[in-house]
Amino acid sequence: MADTPHLYLVDGSAYIFRAYHRLPPLTDPEGTPVGAVYGYTTMLWKLADDLHKADGPTHLAVVLDKSSHSFRNEIYDQYKAHRPDPPEDLVPQFPLIRHATRAFSLPCIEEPGVEADDMIASYARVAQDQGWNVTIVSSDKDLMQLVGEKDGARIDMLDTMKNARIYIEEVEEKFGVPPEKVGDVLALMGDSVDNIPGIFGVGPKTASKLIAEHGDLTAALDAAADMKKSKLKERLLEHRADAEMSRVLVTLREDCPLPIALDEMKLEGVPPEPLAAFLSKHGFTSLLKRLDAGTGSPSRKTDLNPARQDTPGAAASSEGSRQPLPDFPAVDRSAYECVQTIERLEHWVERAHAARLVAVDTETSSLDCMLCDLVGVSLALGPNDACYIPLGHGGSDMFAEKPQQIDRAAALAALAPMLASEAVLKVFHNGKYDLNVLARNGVDVSPIDDTMIISFDLDAGRQLDGIGGGHGMDELAERHLGHTCLSFKEVCGTGRKAIPFGEVPLDKATEYAAEDADVTWRLYQHLKPRLATEGGTKIYERVDRPLVPVVAQMERHGIKVDRTRLAKLSEEFASETARLEKEIHQIAGTEFTVGSPKQLGDVLFDKLGYKGGKKGKSGQYSTDQSVLERLSGDGAEIASKVLEWRQLAKLKSTYTDALQEAINPETGRVHTSYSLVGAQTGRLSSTDPNLQNIPIRTEIGRQIRDAFVASEGHVLLAADYSQIELRLAAHMADVPSLKEAFANGEDIHARTATEMFGEVNRDTRGRAKTINFAILYGISRWGLAGRLGVQPDEAQAMIDTYFQRFPGIQKYIVRKLEEVRERGYSETLFGRKTWFPRISSKNQAERQGSERAAINAPIQGTSADIIKRAMARMMPALEEAGLAHVRMLLQVHDELVFELPEADVDAASAVIERVMAGAAEPAVRLDVPLGVEIGTGTSWGAAH
DNA sequence: CGGATCACG
DNA sequence: GACGTACGTGATCCGA
């Protein structure tokens with residue numbers, strides 16, 4: 001219905017509180033905190049920009065809380081009584097919210113003595129009664145009471161942070177009752193933030209159950225009398241009055257006087273001048289750019305900007321730390337050159353030498369850099385000053401004429417000296433990929449910089465909800481340059497219609513490929529200076545940058561696997577799983593898919609009637625290992641058979657089958673791909689295939705390690721850091737007794753057991769080990785209790801003892817958390833930052849999760865830094881010792897795997913041990929020695 | 001495509 | 001007995 005008006009009511013006050021806690025603390029050029037305001041501004045922009053879109057606003061108003069006093073205080077003097085003062089750096093942002101609203105020329109409603117919720121309810125109802133649709137921009141649970149439809153006019157809600165519409169189903173999902181009953185549920189459960197009492201001891205679960213069962217609040221309270229004796233019954237009876245008063249407090253007033261008329265909320269367009277002034281005053285440069293670049297302002301009839309997909313969080317986080325941008329012209333793809341003659345190529349190479357800095361990108365026939373063919377190379381020397389050199393286009397149709405392009409070998413020969421020249425810096429985005437492709441084509445590249453890694457070293461962890469915090473080029477272009485890159489899909493299509501890049505016509509290919517180089521060049525100009533101003537230089541230059549060529553080479557080496565052995569294992573696993581499956585079906589008395597947790601749960605707990613089935617939030621019984629082990633312990637034979645089936649099925653599909661598939665036909669080896677930006681803490685991650693999770697913990701799984709073998713005449717050497725994270729914890733938290741234990745080469749878990757329990761035996765050592773790990777991961781009494789199989793208060797006593805024996809640990813945890821809360825990030829000993837945007841979240845689970853991660857990150861991250869430094873130094877050290885032929889193949893977080901001639905084992909072991917043990921120095925002097933354990937064998941399994 | 005499960009440090 | 005319980009990853013399967 002195009003002509004049905006659609007009113008958007010923005011709950012401004014609630015938004016800024018939420019934005020404040022979810023966005024990083026930014027300041028504008030004058031030093032005023034503006035993080036929440038930035039989020040607010042981007043939200044208004046997006047809303048205003050949706051004018052004329054389906055379901056977008058035709059009318060819009062912002063509603064703010066003017067004062068905290070309302071009719072509710074008359075009813076209940078404790079209403080909102082214990083609310084803490086807003087944080088110091090949020091206070092100056094309140095007036096700015098008004099300024100921002102005015103800058104968009106939007107009406108802003110605030111009435112003394114009336115809460116925003118009531119005002120929103122009143123406007124929503126009036127509009128709905130006129131037949132308008134209404135969207136309330138908020139996620140406040142109180143407002144969910146309003147959701148629904150009347151005479152075809154609909155009220156819904158929009159949570160802009162989650163970009164989610166909230167309609168009847170969503171409300172029912174949250175409360176278990178329809179919107180009109182939400183008030184009854186709220187009245188029972190109360191609200192600690194607003195200090196609404198509800199009924200003590202009743203939370204959302206119980207509340208919604210009671211209302212769903214009895215219909216409404218009064219009925220539920222009445223029913224209490226007939227309940228059987230329980231705590232709940234007592235409480236319902238005793239606190240009935242509280243609940244009834246709460247019911248009034250949570251009821252929204254829908255009859256507030258309306259200060260402005262609905263018609264005045266009509267959204268027609270946003271005049272650009274006041275908005276520009278506001279954006280510029282507060283340093284919101286990316287928005288300002290969009291305003292200038294677009295057709296003027298948001299919500300003009302032409303859709304203003306294609307580059308509007310970043311979330312407030314992501315945009316804000318970079319906005320706040322942004323350098324003033326050199327004034328680059330907008331990307332103009334028509335400016336790019338397609339280089340088709342050797343003369344033109346030589347011209348570009350010459351210019352690259354003169355510029356001494358060139359952004360480079362390669363295009364290939366597939367995403368696997370160990371299998372693909374090189375299809376073209378692009379270069380960029382400045383904004384819009386970029387070219388594409390096609391080298392492998394056409395050819396799928398043998399009869400069609402290939403487009404004109406330089407002979408690949410000739411072109412690479414022309415490029416190679418420049419790519420290898422120490423005098424020309426080559427900038428890539430994810431250079432490891434390009435390095436591998438070029439190396440496979442006989443071209444070495446050095447020196448290089450990498451914008452993906454720079455972004456990671458600056459902004460790891462800064463994203464919220466995994467949105468907008470990645471380090472991919474398209475994402476960074478949006479975030480930092482306000483530019484939308486041509487997508488690969490647009491160029492190559494998708495699904496069955498997809499074509500390889502080599503079949504893309506040259507004009508389109510040039511636009512896509514040269515743009516990538518151009519954007520890389522621009523990102524480099526933007527990100528590189530930030531390293532210096534934001535303290536990222538050390539970690540980038542000393543740790544991550546040198547690692548790129550090293551890891552690239554490891555990937556190219558690959559590792560040999562014994563295909564025959566894997567195939568044999570696959571067969572064994574297959575026949576065993578088949579046998580087990582039959583037995584399982586027999587016991588169950590029905591054929592079902594054993595691999596389906598859902599079906600399995602129904603069989604175990606419904607059909608066979610086993611007790612203790614717990615359903616998770618998906619409404620499905622949990623059938624994980626711990627559950628099955630319990631059932632098996634209780635004598636359920638089917639459970640132990642399923643466990644065995646699962647283990648074998650997992651090993652077969654994930655390892656023995658998949659690893660055979662992963663053997664590269666050209667090299668006969670398996671080449672994983674390491675991500676240098678995969679883990680927030682700075683660890684590497686491994687994919688396609690993941691070689692960092694090859695089984696070792698069970699005997700049957702360990703057979704898979706035996707299939708990783710050395711080539712003829714060689715052995716594999718595995719070098720492990722022993723207990724590196726605990727050693728680092730001892731150093732970083734400065735715990736004398738632990739440091740001493742490591743210095744003396746003691747068994748650290750035994751030492752902990754002595755300190756904690758007074759004696760060492762298998763039991764106390766095991767407990768001590770669990771506690772040691774619990775400390776590294778951030779601890780809760782419940783978590784520890786679960787692991788140790790004791791009661792939470794007993795676990796708490798152990799934690800207390802631990803902290804008493806090692807007071808440095810507790811001080812360290814407190815200090816680190818304070819630091820992260822204040823600065824927003826944690827730091828490793830080598831200066832690697834990990835950001836924790838949720839560290840002060842109001843959501844307890846979210847906040848505590850961040851706290852645990854923040855305690856762990858410096859330790860896990862420092863360990864990652866150390867092994868990375870060892871890796872970067874390893875080959876030069878081996879070469880110096882005349883061991884250049886030793887090949888470093890794998891890294892598994894605290895382990896390095898090498899392949900070498902058997903005769904060199906002793907010499908190489910000495911070098912490897914020395915490099916690994918000394919990897920922290922000289923940058924960091926550790927108070928504990930780094931222990932390294934080395935083993936060798938013809939297989940990886942044997943090397944342990 | 002998300003959830004459940006399970007492999008590793 | 002409200003909330004949800006250890007940190008960091010990636011691959012596979014099922015089922016909507």
Side-chain angles (χ1 to χ4, degrees), chain A residues 188-192 198-208 230-232 235 461 593-601 616-628 642-643 646-647 649-655 657-659 662 672-675 678-698 701-702 704-705 720-721 723-725 770-787 792 795 834 843-861 863-864 867 891-895:
Chain A
L188 278 175
M189 62 188 258
D191 184 339
S192 57
I199 289 200
F200 175 79
V202 172
K205 288 274 143 61
T206 314
S208 84
S230 70
K231 262 267 163 325
L232 178 64
R235 285 172 173 162
T593 310
V594 181
S596 162
K598 185 169 149 52
Q599 293 184 30
L600 176 65
K617 53 189 158 191
S618 63
Q620 190 178 315
Y621 290 113
S622 167
T623 64
D624 68 13
Q625 207 161 10
S626 64
V627 173
L628 294 179
V642 170
L643 278 170
R646 278 213 184 134
Q647 183 188 20
K650 170 95 179 176
L651 293 176
K652 180 172 186 297
S653 68
T654 310
Y655 301 105
D657 287 354
L659 281 171
T672 184
S673 171
Y674 288 104
S675 170
Q680 315 279 315
T681 53
R683 274 191 176 180
L684 305 190
S685 71
S686 159
T687 57
D688 306 312
N690 182 353
L691 295 186
Q692 290 182 322
N693 72 346
I694 303 301
I696 192 167
R697 292 175 187 171
T698 66
R702 209 167 319 176
I704 291 163
R705 264 185 202 234
D720 284 58
Y721 280 113
Q723 309 284 12
I724 186 168
E725 293 195 3
T770 301
I771 296 168
N772 276 328
F773 279 104
I775 296 296
L776 296 183
Y777 298 151
I779 198 166
S780 83
R781 75 185 78 164
W782 297 277
L784 185 61
R787 300 276 159 151
T834 303
N843 178 325
Q844 176 176 272
E846 214 169 57
R847 186 179 63 248
Q848 290 177 340
S850 289
E851 287 174 351
R852 292 192 296 268
I855 290 166
N856 181 246
I859 297 168
Q860 190 182 113
S863 157
I867 196 167
Q891 189 252 42
V892 192
H893 309 310
D894 62 0
E895 172 186 7

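Keep in mind that the numbers below use all heavy atoms, side chains included, and drop hydrogens, waters and symmetry copies. Everything quoted here is computed from the prediction, not taken from an experiment. Within every chain, numbering begins at 1; the chains are lettered A, B, ... in the order of the sequence lines, protein sequences first and strands thereafter.
The residue A/K205 sits close only to the backbone: its heavy atoms come under 4.0 Å of sugar-phosphate atoms, none of a base. Across all strands, A/I696 comes closer than 4.0 Å only to sugar-phosphate atoms, never to a base (heavy-atom distances). Using a 4.0 Å heavy-atom distance criterion, A/A658 is classed as a sugar-phosphate-only contact. Within 4.0 Å of A/A774, counting heavy atoms only, lies at least one base atom of the nucleic acid. Here A/S622 lies in heavy-atom contact (under 4.0 Å) with sugar-phosphate atoms only. A/I694 comes within 4.0 angstrom of the backbone, heavy atoms only, and of no base. Nucleic acid contact class of A/T770 (heavy atoms, under 4.0 Å, all strands): base. Looking at heavy-atom distances under 4.0 Å, A/E725 makes no contact with the nucleic acid at all. Within the nucleic acid shown, A/R683 comes within 4.0 Å of at least one base atom, counting heavy atoms only. In this structure, A/N693 reaches the bases: a heavy-atom distance under 4.0 Å links it to at least one base atom across the strands shown.
Judged by distance alone with a 3.5 Å cut-off, a donor-acceptor contact links the side chain of A/K650 to the base of B/dC6. Under 3.5 Å, the side chain of A/Q692 and the base of B/dC8 form no donor-acceptor pair of N or O atoms.
Of the candidates C/dG4, C/dC14, B/dA7, C/dG4 carries the atom nearest the A/Q848 side chain, counting heavy atoms from C-beta on. Of the candidate nucleotides B/dT5, C/dG8, C/dA2, C/dA2 has the atom lying nearest to any side-chain atom of A/T206. In this structure, of B/dC6, B/dG9, C/dA2, it is B/dC6 that holds the atom nearest to the side chain of A/D624. Among the nucleotides C/dG8, C/dT5, C/dG10, the one closest to the side chain of A/T687 is C/dG10.
C/dA2 and B/dC6 are spaced 29 Å apart, taking the P atom of each and rounding to whole Å. Rounded to a whole angstrom, the distance from the C1' atom of C/dC3 to that of B/dA7 is 30 Å. If you take atom P in B/dA4 and the same atom in C/dG4, they sit 13 Å apart, rounded to whole Å.
Phosphate contact (OP1/OP2 of B/dG9, side-chain N/O of A/R697, threshold under 4.0 Å): present. Distances shown here put a side-chain N or O of A/Q599 below 4.0 Å from the OP1 or OP2 atom of C/dG15. Between B/dA7 and A/T654, no contact under 4.0 Å exists linking OP1 or OP2 to a side-chain N or O. Checking the phosphate oxygens (OP1, OP2) of C/dA6, no side-chain nitrogen or oxygen of A/R852 falls inside 4.0 Å. Applying the 4.0 Å criterion to OP1 and OP2 of C/dC13, one finds that A/S596 has every side-chain N and O outside that range. At the phosphate of C/dA6, OP1 or OP2 sits under 4.0 Å from a side-chain N or O atom of A/R787.
For B/dC1, the paired base is C/dG15 (Watson-Crick or G-U wobble, both distances below 3.5 Å).
Taking atom CD1 of A/I867 as the reference point, atom P of C/dT9 lies 17 Å away to the nearest angstrom.
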Subject >> Worked verdict on A/T623 versus A/R646 for side chain to side chain donor-acceptor pair (under 3.5 Å) >> reply: CA-CA 11 Å; A/T623 64; A/R646 278 213 184 134; 2.8 Å; yes
